Colleague: 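Following this message is one structure expressed as structure tokens.
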Amino acid sequence: MEAPHLSVLSAGPGATIQDGGRFGLRRYGLTPAGPMDWTAFRTANLALGNAADDAALEIGPGGIELVNAGPGPVGVAFCGGGFSWFRDGQLVGAAARLVLAPGAHLAARPGVAGIFTYLAVAGGLRTPVELGSRATDARAGIGGLNGGILRAGDRLPLAEGAAAPLDEAMIVAPWLRPDLDAPLRVILGPQDDYFDAAALDLFFSAPFKVTAGDRMAYRLDGAAIAHSRGYNIVSDGVALGAIQIAGDKKPLVLMADHPPTGGYPKLGHIARADIGRLAQLRPGRTCRFAQVSAETARQALLALKEAVATTHSFCRPLRRVVALAGLPAPDRSPWSGAGNRRPR
Amino acid sequence: MPATPRFLPAGESALVVEFGAAIDPALNDKVRAFDHALAAAAIPGIIETVPTYRSLMIHFDPRRLATDALISELRKLRIGPGAGGVPKHWLIPACYEPPHAEDLAEVAAALGLTPEKVAALHAGAEYRIYMFGFAPGYVFLGGLPAELIISRRPKPRPPVPQGALLIAGGQALIANRPMPTGWYNLGATPALLFDPKRSPPVSLDIGDRIRFTPVDGATFARLRQAADAGAQVIEQCVIEQKA
């Protein structure tokens, strides 16, 4: 019998396979990669009872269309970025857990805001582990499927025997609809002493507009943040969310595919609790920054992780929500009544 | 230079231990010694460390460690003499002939030297590995002869080939992947310094010393073929240690 898999019918630019990230090799110049919006990524996995960091699809603004080309039903969950997801041409919503029958199609189209949506599969994607991770590092050409972004015709291997039926459900978790206008929290350092009080005041009071971005970095435009001691530093380490201010005096925020070292002063770092919110800001959107301590940012991160761990309690029966929305109820799936597997 | 390192937050999940702000072998030795002592201490919650020229970045799991708690653990570390271990010495084949030496003539003209002299100076020096990054297997080297100090290009040049030997700003670099660069390309090594099929994927380490062994174009081609097939074409050499 053919092994379970999903086939990619079409994929816009920027669809990759990610897991929690590739760790232990930053000292050799490798990026950790991993999801741009870990909150949505983990929610999709946890809605299926997967481990939070199992390999899943990250889908960019180009969307994706897939088909369950394997012999049996496949449990999937999607959320993040306010995308519209369709099963066999019928709108399901932005965040749900489904059982895809053999031959069923699934498509994602971007909505009015947001850049990244995630699709997890029961048991996690089973692409090869490379250097300890399945995350795609397109710059190094490792991980994912042949080290690159997904294309039409790609075949995504799934876990054998992981297609156990689940109740279909909407995911109504509040953290999937964050306030995109709330300030992004920032921890100062390590090179905040390259900026005087006036420059820091300006940074924390002025609005900045996202002008461009990719998985490596988001470029912001706004008030010029002047250096008080030049902008050439001897290269040092770089962490996720680093806010580099280069010679153009504009912030460049380093994202999931950031290089592990760099040579510009880093005013501060975006709190990890807020990094997914920044990742979802489209070019043209405005953001503001608020200064917090490392401990405040840590508490915020732990609280958000704890909330995301309760994803299963935010899964509501699909049929009822669809009916409330005034749409016709879908045909009763042979799986919808079977069992009531409570995700971990 | 401060007597003790500075501890600087890099978000809530990383910390920089900064020993200074310069490119200096003594500073890099401190980074290496601290890194080795920290690895031996095995503090729970540390994910990995990234040594650089003059600082050590510590990535940690904020569920298991808070910044202040990590700093107090770090203050307890005792770093004895020799904590950095003994650096390894490597011989790395290098070809300074066309088509591998695209900018050699340009650099020679800019510095008032012959291309042969530039190649001989580059191959005649001993280098220290200060840092890896910004891409896999990129090796940042110190020890470039003063005669080869040339500032960066005002505009990046088209991508250099894999294994390019680059210089700029008094530093030397081995570029393991093709990438546009503001540096100058003097030659290339057939060695693949980052090989995902090996574990670890990079054999060199920070603090190691390297020298380049000039090879001709035919040898380059043969060694690159061997490297592509998985062979290690760099050589570790034994240096007599003083008692």
Side-chain angles (χ1 to χ4, degrees), chain A residues 21 23-32 130-132 137 139-143 147 185-193 229 232-243 258-263 266 268-273 275 292-302 305-306, chain B residues 6-18 20-24 27 31 35 47-59 62-63 65-70 130-140 169 171 176-177 179 193-194 196-202 204-206:
Chain A
F23 301 108
L25 297 169
R26 280 182 264 202
R27 64 169 52 225
Y28 297 121
L30 269 84
T31 178
E130 209 167 358
L131 295 174
D137 174 353
R139 226 165 350 131
I142 57 176
R185 287 165 285 191
V186 168
I187 305 103
L188 282 182
Q191 277 96 30
D192 50 306
D193 57 352
R229 297 165 54 196
N232 279 305
I233 63 164
V234 173
S235 294
D236 70 344
V238 164
L240 174 63
I243 304 164
H258 66 82
T261 57
K266 292 163 283 290
H269 285 73
I270 306 284
R272 301 252 168 131
I275 197 79
V292 297
S293 69
E295 183 54 23
T296 301
R298 175 174 167 269
Q299 293 300 339
L301 177 60
L302 299 190
K305 281 192 167 169
E306 265 177 42
Chain B
R6 294 206 296 165
F7 299 107
L8 307 169
E12 78 294 277
S13 309
L15 181 75
V16 175
V17 185
E18 188 187 80
I23 299 176
D24 171 358
L27 272 181
V31 173
D35 189 29
I47 296 168
E48 63 186 299
T49 59
V50 181
T52 71
Y53 286 101
R54 40 62 169 250
S55 63
L56 185 71
M57 176 166 268
I58 302 171
H59 296 277
R63 280 171 305 184
L65 268 180
T67 302
D68 289 344
L70 174 58
Y130 274 112
M131 187 177 91
F132 293 99
F134 62 108
Y138 268 51
V139 188
F140 286 81
Q171 293 177 70
N176 187 62
R177 298 188 75 78
M179 210 175 265
L193 298 179
F194 169 78
K197 293 186 285 295
R198 279 198 296 265
S199 180
V202 177
L204 307 173
D205 200 2
I206 286 144

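These numbers come from a predicted model, not from an experiment. A, B, ... follow the sequence lines: proteins, then strands. Residue 1 opens every chain.
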Colleague: Using the test side chain to side chain contact (heavy atoms under 4.5 Å, CB included), find all partners of A:Ala294 that sit at least two apart in sequence or belong to another chain.
Modeller: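 For A:Ala294, the residues satisfying side chain to side chain contact (heavy atoms under 4.5 Å, CB included) (neighbours in sequence not counted) are A:Ile187, B:Thr67.
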Colleague: Test B:Arg6 against A:Asp193 for side chain to side chain contact (heavy atoms under 4.5 Å, CB included), laying out the working first.
Modeller: CA-CA 13 Å; B:Arg6 294 206 296 165; A:Asp193 57 352; 3.4 Å; yes
Colleague: Quick one: closest heavy-atom pair of A:Ala140 and B:Arg177, and the distance?
Modeller: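 Result for this residue pair: O-NH1, 3.5 Å.
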Colleague: State, yes or no, whether a side-chain contact exists between A:Ile233 and B:Arg54 at a heavy-atom distance under 4.5 Å.
Modeller: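 Heavy-atom side-chain distance check passes, below 4.5 Å.
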Colleague: By a 4.5 Å heavy-atom criterion (distance strictly below it), what part of B:Leu204 contacts chain A: side chain, backbone, both, or neither?
Modeller: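 Answer is backbone: N, CA, C or O of B:Leu204 sit under 4.5 Å from chain A.
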Colleague: Give me the one residue out of B:Leu27, B:Thr52, B:Ile23, B:Asp24 that meets side-chain contact (heavy atoms from CB on, under 4.5 Å) with A:Val234.
Modeller: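 Only match with A:Val234 under side-chain contact (heavy atoms from CB on, under 4.5 Å): B:Ile23.
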Colleague: Is chain A contacted by the side chain of B:Leu65, its backbone, both, or neither, given a heavy-atom distance below 4.5 Å?
Modeller: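 Contact with chain A involves the backbone of B:Leu65 alone.
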Colleague: Relative to chain A, which of B:Ala14, B:Pro9, B:Ala10, B:Pro196 shows the most heavy atom pairs under 4.5 Å?
Modeller: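 So the answer, after comparing B:Ala14, B:Pro9, B:Ala10, B:Pro196, is B:Ala10.
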Colleague: Heavy-atom distance under 4.5 Å to chain A: side chain of B:Asp35, backbone, both or neither?
Modeller: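 For B:Asp35, the side chain is the part near chain A, not the backbone.
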Colleague: For each of B:Phe140, B:Tyr53, B:Phe7, tally heavy-atom pairs with chain A at distances under 4.5 Å, and name the one with the top tally.
Modeller: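 Looking at each option in turn, the highest pair count goes to B:Tyr53.
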Colleague: Does any heavy atom of chain A fall under 4.5 Å from the side chain of B:Glu12, the backbone, both, or neither of them?
Modeller: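 B:Glu12 touches chain A through backbone and side-chain heavy atoms alike.
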Colleague: Is chain A contacted by the side chain of B:Asn176, its backbone, both, or neither, given a heavy-atom distance below 4.5 Å?
Modeller: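 B:Asn176 has no heavy atom closer than 4.5 Å to chain A.
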Colleague: Where on A:Val186 is there a heavy atom nearer than 4.5 Å to chain B: the side chain, the backbone, both, or neither?
Modeller: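 Contact with chain B involves no heavy atom of A:Val186 at all.
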Colleague: Examine whether an atom of A:Ala297 lies under 4.5 Å from a heavy atom of chain B, and if so say whether it belongs to the side chain, the backbone or both; otherwise answer neither.
Modeller: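 For A:Ala297, backbone and side chain are both near chain B.
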Colleague: Pick whichever of A:Ala300, A:Gly132, A:Gly237, A:Gly141 has the most heavy-atom pairs under 4.5 Å with chain B.
Modeller: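 Of the candidates given, the most pairs with chain B belong to A:Gly237.
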Colleague: Say you draw a straight line from OG of B:Ser13 to CG of A:Leu240; how long is it, rounded to the nearest 0.5 Å?
Modeller: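 B:Ser13 atom OG to A:Leu240 atom CG measures 8.0 Å (nearest 0.5 Å).
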Colleague: So which part of A:Leu25 gets closer than 4.5 Å to some heavy atom of chain B, the side chain, the backbone, both or neither?
Modeller: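 For A:Leu25, heavy atoms of backbone and side chain both lie under 4.5 Å from chain B.
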Colleague: Quick one: what part of B:Arg63 sits under 4.5 Å from any heavy atom of chain A, side chain, backbone, both or neither?
Modeller: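 Contact with chain A involves both backbone and side-chain atoms of B:Arg63.
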Colleague: Any heavy-atom pair between the side chains of B:Met57 and A:Asp236 that's under 4.5 Å?
Modeller: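 SC-SC contact between A:Asp236 and B:Met57 ruled out.
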Colleague: State, with a plain yes or no, whether a side-chain heavy atom of A:Ser235 is found less than 4.5 Å away from one of B:Met131.
Modeller: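 Result yes, sub-4.5 Å side-chain heavy-atom pair found.
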Colleague: Can you name the residues that form a ring-ring contact (aromatic ring centres under 6.0 Å, His included) with B:Phe194, not counting sequence neighbours?
Modeller: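 With sequence neighbours excluded, B:Phe194 shows a ring-ring contact (aromatic ring centres under 6.0 Å, His included) to no residue whatsoever.
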Colleague: What part of B:Val202 gets closer than 4.5 Å to chain A, counting heavy atoms only: side chain, backbone, both or neither?
Modeller: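 B:Val202 touches chain A through backbone and side-chain heavy atoms alike.
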Colleague: For the atom pair CD (B:Glu48) and CG (A:Leu30), what is the distance rounded to the nearest 0.5 Å?
Modeller: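 Between atom CD of B:Glu48 and atom CG of A:Leu30 there are 9.5 Å.
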Colleague: With a 4.5 Å cut-off on side-chain heavy atoms, are A:Ile142 and B:Pro136 touching?
Modeller: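 Answer no - side chains too far apart.
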Colleague: Under a 4.5 Å heavy-atom cutoff, which of A:Gln191, A:Arg272, A:Glu130, A:Glu295 has the most pairs with chain B?
Modeller: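 That would be A:Arg272.
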Colleague: CZ/A:Arg26 to CD1/B:Ile47 distance, rounded to the nearest 0.5 angstrom?
Modeller: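 Reported value, rounded in 0.5 Å steps: 6.5 Å.
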